[in-house]
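What you see below is based on every heavy atom in this structure, not just the backbone, and it leaves out hydrogens, waters and symmetry mates. Because the structure is a prediction, the values reported are computed rather than measured. Within every chain, numbering begins at 1; the chains are lettered A, B, ... in the order of the sequence lines, protein sequences first and strands thereafter.
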2 protein chains.
Amino acid sequence: MPQQKSSNSLRRITSHEVALRAGVSQSTVSRVFSGDERLSEATRERVLGIARDLGYKPNAIARSLITRRTKIIGLVASYMTNPFFPVVLQAFTQRLHELGWRVLLFTAGTSEDVDELLPEVLAYQVDGLIIVTASLSSQMTREVLQRGTPVVLFNRYAPGSGASAVSCANYEGGRLVAEVLLDAGHKRLAYITGRADTSTNVDRQRGFLERLAERKSHCKIELGNFTYAGGFDAALRLLKSKKRPDAIFCANDITALGALDAARKLGVRVPDELSVIGFDDIPMAQWTAYDLTTVRQPVEEMIEASVELLLERVNNINLGSVLKFLPGTLVRRGSARLQP
Amino acid sequence: MPQQKSSNSLRRITSHEVALRAGVSQSTVSRVFSGDERLSEATRERVLGIARDLGYKPNAIARSLITRRTKIIGLVASYMTNPFFPVVLQAFTQRLHELGWRVLLFTAGTSEDVDELLPEVLAYQVDGLIIVTASLSSQMTREVLQRGTPVVLFNRYAPGSGASAVSCANYEGGRLVAEVLLDAGHKRLAYITGRADTSTNVDRQRGFLERLAERKSHCKIELGNFTYAGGFDAALRLLKSKKRPDAIFCANDITALGALDAARKLGVRVPDELSVIGFDDIPMAQWTAYDLTTVRQPVEEMIEASVELLLERVNNINLGSVLKFLPGTLVRRGSARLQP
DNA sequence: TTACTCTGTGCATACGTTTGCATGATTATG
DNA sequence: CATAATCATGCAAACGTATGCACAGAGTAA
């Protein structure tokens, strides 16, 4: 209805038009663009030439309708406030592009929204789904999977749900931090949590606590929520308490930066009086003001693995789900004293 | 070809199926979902019921093909390393969603890539384009526009190109900073640039310099590139020079944070010995370690304006292009001495 | 010559919707 | 009671592409 306004040269160029100009059938034009082998060099070039002149590009929508493949991956992300995710987002779109896929982006404020969002995504017949830092209800996971759309959870996992997942080895990361802090002779330890309902937080905390317990140590726990402000406030509480900790492990980097700023505000010297260790290795961790010692997530490898896992399953629906955990590595910087 | 693997319940549910089960025609089902008025309550409810049972949702691809509207907006972004953009990205997707649009995301490493990226975007028949912090060749702009796809540039502008644009009033922002720094009695001023080929940098710099000139002042210019490292290095050079500046205006916040860390490293006290002012007001500007005085871009309003401008033109191709500049406001924090 | 294989191209159909038009049923009007 | 008007629904033709099948012509082999 709205199009009828004297659309002079505004009509879209279709394969029919190109065919007409080139004196071939529409099929032939289609074959040129879908890379069919058996076509004479002559016609191929003629068609390509005319297409270029007319500015023709195959309509991906029409193509998707018939091939039943959109070449679109739905990407659902939440918690974009954490500087870790822009990096991830960028890497995902970049990588998928290289492989010839497009990204339909959805941002969910809270995890609960994801379930409501998904039907919208699916209406666009995306060939696969990547869910970053959010989880689906098992109900929704089931629906999506039996529809034949593979799902990969990034930075989360849900065993038994049927969805594949890629995550950092958070449990082992937690253990590692416990190890190096104890080795360095720290006595009064603390952990600032992330959001309690995330596997990321749970695993890091469990790894940390379990290794502490194994070595007959323990720690104080203070609530954060994966944010700068959360880390700041939690650290303030810890540092003002009577038995002030000499080392704090934070659920992620952004929390750790908050903690460092709390120490700065109170005049607590880092790392002499206090060691702080984070988790992620976001770009700011290297900044002079922080110089944060942290556990680096192997983002590149995680992205690569996610994409691979997903596309494998796009091509073969019958592949089962896989959980993949990649090891993090300790990046030693100035915010923690790690020598005895 | 790949689909033929014993896909039992894996067949997609179409309006035909729903129609069959409901004992109505496919047209009727379609009418139910496109909100046609004249339909008996009885059939509407029966169809909706069956659709719910079967998990039917109209295929957006097929719908797009016939309506010639995809309800998809292409969003091309670059320089995701600047923390300003995740915020922008999040806001855009959020807002567009609320209005019933989807976002196809493309990230361009450098501006030059955008031209190569666009044909891919257009193949998906996006109804409109938002280009964040990147520009198009005038050639490409012309092609896109005459194709009937409206374009809005965000944080850039290109007068005469036919593309609409929304940007902060960078020139006035630059003037404002000059004003307050001179008012406070600063004598030795400096400007750390962003990338020279961006209107953002050019305008901020021009505004700053022109106001200085008007008040018979001038400043030293040091090259940055809109990054933390760029700001850090540039500030280092400035602060080590014989006539060390007593105030630095940085092309954006991330540059300013780098500059502050350079000062921290050299032991230059802020704001007593040095004032630093940025531009953007990214989340980190509030962090205790920086407490950055800066010119805030009215992001919310800019997003809102961009979306409005774009959707207006999606609905009416004949509307001309508009350049919109929204004023920034000075946010006074601790990194600058602004009293004489 | 006949028969047969290849190669390159066209014909026609399908993908899952929307929508103008036609039609039968129902209600209002004279 | 006849006719007109209204309502709810069905029919069929698009949208722009991909692709199985048919087929013409060229080449090869007998």
Side-chain angles (χ1 to χ4, degrees), chain A residues 1-4 7 10-47 51 54-71 122-125 127 147-148, chain B residues 1-4 7 10-47 51 54-72 122-127 147-148:
Chain A
M1 223 67 70
Q3 243 89 336
Q4 77 229 128
S7 9
L10 214 143
R11 224 171 59 269
R12 311 185 179 196
I13 297 111
T14 71
S15 54
H16 283 99
E17 309 235 13
V18 178
L20 206 65
R21 294 276 208 298
V24 297
S25 76
Q26 180 268 326
S27 318
T28 300
V29 176
S30 166
R31 290 197 172 99
V32 169
F33 282 91
S34 51
D36 200 314
E37 297 293 317
R38 17 163 256 217
L39 272 182
S40 72
E41 250 340 277
T43 53
R44 181 194 306 281
E45 277 173 16
R46 187 149 41 91
V47 168
L54 265 54
Y56 168 77
K57 252 230 149 187
N59 180 326
I61 296 294
R63 171 179 283 176
S64 299
L65 187 56
I66 189 130
T67 61
R68 318 178 113 215
R69 287 296 186 99
T70 54
K71 282 267 183 183
L122 293 176
Y124 279 89
Q125 316 296 117
D127 292 339
R147 195 177 180 291
Chain B
M1 224 69 68
Q3 242 89 337
Q4 76 226 128
S7 8
L10 214 144
R11 225 170 59 270
R12 309 188 180 195
I13 297 113
T14 71
S15 53
H16 282 99
E17 309 235 13
V18 178
L20 206 65
R21 294 276 208 298
V24 297
S25 76
Q26 180 270 328
S27 317
T28 300
V29 176
S30 167
R31 291 198 171 98
V32 169
F33 282 91
S34 53
D36 200 316
E37 298 292 317
R38 18 163 254 218
L39 271 183
S40 72
E41 250 340 276
T43 53
R44 181 193 308 280
E45 278 173 16
R46 187 150 38 92
V47 168
L54 265 53
Y56 170 76
K57 253 229 149 190
N59 181 326
I61 298 292
R63 171 179 284 174
S64 298
L65 187 56
I66 188 127
T67 60
R68 314 176 116 226
R69 287 297 187 96
T70 53
K71 281 271 184 178
I72 295 180
L122 293 176
Y124 279 89
Q125 318 296 117
V126 296
D127 293 339
R147 194 178 181 290

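- Across all non-hydrogen atoms, the minimal contact from A:Val29 to A:Tyr56 is CG1-CE2, 4.3 Å.
- If you check every strand for non-hydrogen atoms under 4.0 Å, A:Ser27 touches a base.
- When rounded to the nearest whole Å, the span between CD of A:Glu41 and C1' of C:dT7 equals 14 Å.
- A:Thr43 comes within 4.0 angstrom of the backbone, heavy atoms only, and of no base.
- Taking 4.0 angstrom as the limit, A:Ser25 places a side-chain polar atom (N or O) nearer than this to OP1 or OP2 of C:dG10.
- Under 4.0 angstrom from either OP1 or OP2 of C:dC15 there lies no side-chain N or O belonging to A:Arg63.
- In this model, the phosphate group of D:dT17 is approached by a side-chain N or O of A:Ser15 to a distance below 4.0 Å at OP1 or OP2.
- Rounded to an integer number of Å, the gap from CG of A:Leu65 to P of D:dT19 is 13 Å.
- You'll find that the side chain of A:His16 is closest to D:dT17, out of D:dT17, C:dG16, D:dG16.
- In this structure, A:Ile61 atom CD1 and D:dA14 atom P are separated by 21 Å, rounded to whole Å.
- Atom CD in B:Glu17 sits about 11 Å away from atom P in C:dC15, given to the nearest Å.
- The residue A:Val29 sits apart from the nucleic acid: no heavy atom pair falls under 4.0 Å.
- Remark: A:Tyr124 is not in phosphate contact with C:dT17, judged by side-chain N or O atoms under 4.0 Å from OP1 or OP2.
- Side-chain atoms of B:Ser30 and B:Ser27 form no donor-acceptor pair, as typed in the model, at a separation below 3.5 Å.
- Following rounding to the nearest Å, A:Ile66 (CD1) and C:dA12 (P) show an atom-to-atom distance of 16 Å.
- Nucleic acid contact for B:Arg38: base, since at least one base atom lies under 4.0 Å from a heavy atom of the residue.
- If you take CG of B:Asn59 and C1' of D:dC15, they are 13 Å apart, rounded to a whole angstrom.
- With hydrogens and angles disregarded, no donor-acceptor distance shorter than 3.5 Å links the side chain of B:Thr28 to the backbone of B:Val24.
- Base contact: A:Ser30 has a heavy atom under 4.0 Å from a base atom.
- Summarising the geometry, the separation between CZ on B:Phe33 and C1' on C:dG16 is reported as 14 Å, rounded to the nearest angstrom.
- Nucleotides of DNA chain D nearest to B:Asp36 and A:Thr28 differ in position, and the one nearer the 5' end is that of B:Asp36.
- The backbone N or O of B:Glu37 lies less than 3.5 Å from a partner atom in the side chain of B:Arg44, making a donor-acceptor pair.
- In terms of polar N and O atoms assigned as donor or acceptor, the side chain of A:Arg31 comes within less than 3.5 Å of the base of D:dG20 in a complementary pairing.
- Side-chain polar atoms of B:Gln26 and B:Ser15 form a donor-acceptor pair below 3.5 angstrom.
- Mapping B:Ala62 and B:Arg46 onto DNA chain D by nearest heavy atom places B:Arg46 closer to the 5' end of the strand.
- Below the 3.5 angstrom threshold, one finds a donor paired with an acceptor across the side chain of A:Gln26 and the base of D:dA18.
- Between the side chains of A:Ser40 and A:Thr43, a donor-acceptor pair is found at a separation under 3.5 Å.
- Atom pair B:Gln125:CD and D:dG16:P shows a separation of 9 Å (rounding to whole Å applied).
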